[in-house]
Amino acid sequence: MFKPSPVHRAALAALGLSTALSAQAQTASEKTERLDTVVVTGSRIVRPNLTSSTPVLSISSEALAATGLENFSDLAAQLPQFAPSFGTSRTQSTFSGVAASGLAGANLRNLGPNRSLVLINGRRVPGGTSTSMVVDFNSFPTSNVERIETITGGASAIYGADAVAGVINIITKKRVEGIELGLSYGVTAEGDNKNPAASLLIGGKFGSSGRGSLTMEFVKDGQVSCKDREICADDFAWLSPASPVYGPAARSGVGANGRFIIGNNSYTRRGNSFVDANGQLIPFSIPVDGYNRNEKRDLAIPTQRMLVAAEAEQQLGKGVTAYAEFNYARTSTDSVFEGHPFQSNANPFGGQQTTIPINNPFIPAPLRAAAEAANLTQITWWQRFGDETLGGNRGASNVRTMHRAVVGVKGDFATLLGASSDWQWDLFHVAGGTRVDLGTEGSVDLERLYHGLRVEADPANPGQYRCADAIARGNGCIPINPFAPYTAAMSAALSARTTSQGANSLNNTIFAATGSLMELPAGEVRASVGAERRSYSGYLDHDTLINQGRVTGNQLGDIAKIKTITNEVFAEVLVPVLADQPFARSLNFEGAYRDSKAGNQKYNTWKYGGDWEPMDGLRVRAMEARAVRTPAPGELSGLSQTFGVVNDPCTAARRNANPTRAANCAADGVPADYAPVLSIEQSVSGFSGGNPNLAPERGTTRTYGLVFQPSFLKGFSLAVDRFEIDMTDMITTVARQTAVNLCYDTTNRLLCNVRTRGTHPLLPGANYVLNTVDANLQNVASYEIKGVDLDLRYGFKTGYGDFDLSTIVTYYDKVTQTPLAGQPSVDLTGQAGGSTSLQGNIKLTANANVGWKLGAWRANWNLRHIGRADMAVGTTAQGYPQLGAHTYHNLRLAYQASKGMELYAGVTNVGDKKPPFFASGTSGNQALDTSPGYYDIFGRSYFLGANLKF
């Protein structure tokens, strides 16, 4: 069955959740009771029902159809248990690097998509980039999904490393008969984000004991340009609470016509002249000559997906079955953003600044006279290399190709050491990988630019010029004139396209056996034992021009191919302690242990807990677990250059935040009246990257709660669960802003080694400007998260139709991070934003749904609520306003035209509610002044579709 397209998925996130299994209240349904044995996500033990001691969010295939789900990551971003994360959706990854462009991840408990383990039918999936284990949900079709189960708690003892925040298990349909066809189309009220999509699912039996299915999907997600939405149509700067600036005054100080810095002044060209009507040099003015970066950017990256999935199963003999799974996905994205902001002082070649020598013959006479009067031998200059200058802006193209194959054999033991006859075994191997082919357009060749600015008269052609360096001339160097529009030859010489390639590889072999050990008065003691071998490797090879920093953009080091091999043994047990006793309808204990060895690292994970049913309709459950996450290849290798906003603690507006800061700023020679222009704080550079000495992260999760389903109120259920997560040795960078703040707010000057101060062309004579702040990965942080999940559902019948009411709520009462051992923790509770590497948790988020069915008609009304929140740490205390609560309304109507045909249509964000603006540098996005993971950025949208069965 096919569902609507991505523009609707985000807003329709919780539509129809009332048709799902209870998000926390996992109890035996009529369907479950017909099953002899089942396996719940988070356990390998075969058990007689779906009762679990760990809260499980389960969404059925009916709920998927009702939600309009096409990609689970879009749904997840709207569910209270999940949060947005920079770089993991097509609305947040334009500036997260070409390798992550358009990636679709799921961020459970806001611990990052790399801390959730993603499985298909309980088996692992290759990562979506070549150097990480973050799974790209773009790689999976949804028309073959039976249900999706999510454990919101540690599960490493069951599944191995990476299940720190939890597990997302995609369970596919096993009994497909016939043909299912789906078609849909969506578009926003603005006429963009056009989303045609189609799916085909074929399945049936073969032979006397075989079955199989084939799924194919095509989805195209249309482009949305920033220029078509107020939130990013023009540049925006909000650096002090009372002074938000939107429009020309907030634009970039790197203009398309160039900015030539002489002493304390800078000059530019307007039209074809550097002088005004009075013959005076034209001073550069940001409101007049600045560059609107925002309008050139993609708000949503166009994405195209081709997906194939297949499954087969064949009985080999009595009690033995062979099975196989196959997945293939080709995802392509093509994003655009503004031309590169070239700055000769920040874009060197060969260790030399790419300045303009004073003897360059193209320098206009008035500008040369001013430079000579200032005793300059070189002119520092800035220019935007984009479509206005070289005929094209920057862009990132990305083609990801994922393959995954599973082969396995499963069966029953006739006996286990003569003591039992109900043991089942399973042996399987998963092999897969992802290849990425990346391209970056709109770069400028710094070598050709450097030599092209150093010219001399051409003796063979009087009146003409040539590059002064003979070797450069032999390599095709031509003179470059930055004081006039570039010729076609100059543009061709300077423009460069770079490429990068990488791949990862996953191999995972598991043998597991499960069954009963003995009979106790309360029931059977059931257990699971097994062994696992897992290897993962990945690399990313950048163009030599990128490695050497010979093109504009960030200088990047290759990520070497690193392979990790993990060997593990594991065991799990479920013990019935009491049954059918007063105040103990049932009392069960369960525990698990896994011993792991990865290279030279040894660690273990475990869980223990249980559930107690004191009376019919009431069940209490609790679980504590230890989980780990091992470093990915991209965290162990590679360095990359970065630029962005870093607020200098030593400016006049900030230095007096505390006495320690003021004293340290003075000790560094920063004047008390230091007030840099906006351009300086917008372009602080630095390096970030991997660390080969990283150790595994460790986390302890605790969940405890109750499920209430009274027999006197049929159709009603209430689940309340407390969750607590403690993370230590977290692999993270100390955010650049945090690092520089610690440098000045601590008496022992922590992390001052990551920052440098020096000169800057916009402040001649100053040697205290904050120029660079680095951020490398370390096992330094700890995290503490506490909150409550609530799930309330009620279904009932009336003479006017059947109704399903549901509400899912998550409330966080404590979210703190300690960025460095021994330092004060940072309170992240109640924040919608932060930095690209560290965002807060909104205290209260919720989904409510009203479902209705009468005859052939179905309707859903969904409300998605995002509570009030601070923008980021300290913003409200600084005087910035809080972000008000947002509630979105979404409608869907479906009609069952015949037994095999369903027609549907809907509207999302019915009220066309606009997203809020964030203060600069606080949205958690590098180049967008809102959080698209929380707030709808598309506006009102429409969709329609049809599902056909044959």
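One is the number of the first residue; the rest follow in order along the sequence.
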If you look only at pairs with a residue in residues 158-171, which of them pass as a salt bridge (charged side-chain N to carboxylate O under 4.0 Å, His left out), with sequence neighbours excluded? Arg124-Asp162
Tell me whether the rings of Phe326 and Tyr328 are parallel (<30°), tilted (30 to 60°) or perpendicular (>60°). parallel
For [X] and [Y], indicate whether the former's side chain and the latter's backbone hold a donor-acceptor pair under 3.5 Å.
X: Ser199; Y: Ser143; answer: no
X: Asn508; Y: Arg533; answer: yes
X: Asn504; Y: Tyr539; answer: no
X: Glu524; Y: Arg526; answer: no
X: Glu217; Y: Thr142; answer: yes
X: Asn144; Y: Thr215; answer: no
X: Glu635; Y: Ala632; answer: yes
X: Ser156; Y: Val628; answer: yes
X: Arg698; Y: Ala627; answer: no

Applying side-chain hydrogen bond (donor to acceptor under 3.5 Å, both in side chains), name anything that partners [X], two or more places apart in sequence or on another chain.
X: Asp616; answer: Arg585
X: Thr564; answer: none
X: Asp437; answer: Arg435

In Å, rounded to the nearest 0.5 Å, how long is the span from [atom1] of [X] to [atom2] of [Y]?
X: Thr700; Y: Ile725; atom1: OG1; atom2: CD1; answer: 10.5 Å
X: Met901; Y: Gln896; atom1: CE; atom2: CD; answer: 9.5 Å
X: Asn507; Y: Ser537; atom1: CG; atom2: OG; answer: 8.0 Å
X: Ser116; Y: Phe82; atom1: OG; atom2: CZ; answer: 6.5 Å

Name all residues meeting the ring pair (Phe, Tyr, Trp, His ring centres under 6.0 Å) criterion together with Tyr704; count only those two or more places apart in sequence or in a different chain, and write none if there are none. none
Using the ring pair (Phe, Tyr, Trp, His ring centres under 6.0 Å) criterion, which residues pair with Tyr608? Sequence neighbours excluded. Trp606
Listed partners of [X] passing side-chain contact (heavy atoms from CB on, under 4.5 Å), at least two apart:
X: Ala571; answer: Val529
X: Glu177; answer: Lys205
X: Lys597; answer: Lys602
X: Gln304; answer: Phe218, Lys220, Ser332

Shortest non-hydrogen contact between [X] and [Y], atoms and distance:
X: Met133; Y: Pro631; answer: CE-O, 4.3 Å
X: Tyr159; Y: Val167; answer: CD1-CG2, 3.8 Å
X: Leu618; Y: Glu613; answer: O-CG, 3.2 Å

Which residue in the set Ile202, Asn947, Leu948 passes side-chain contact (heavy atoms from CB on, under 4.5 Å) when paired with Leu181? Leu948
With the side chain counted from C-beta on, respond yes when [X] and [Y] share a heavy-atom pair under 4.5 Å apart, and no when they do not.
X: His429; Y: Val406; value: no
X: Pro696; Y: Gln601; value: yes
X: Val575; Y: Asn588; value: no

Atom pairs and distances, donor-acceptor, side-chain atoms in residues 315-324, under 3.5 Å, two or more places apart:
residue	atom	partner	partner atom	Å
Gln315	NE2	Gly317	O	3.2
Tyr323	OH	Arg123	NH2	3.4
Tyr323	OH	Asp426	OD1	2.6
Tyr323	OH	Asp426	OD2	3.3

Of all residues at least two apart in sequence or in a different chain, which pass the salt bridge (charged side-chain N to carboxylate O under 4.0 Å, His left out) check with Arg211? Glu313
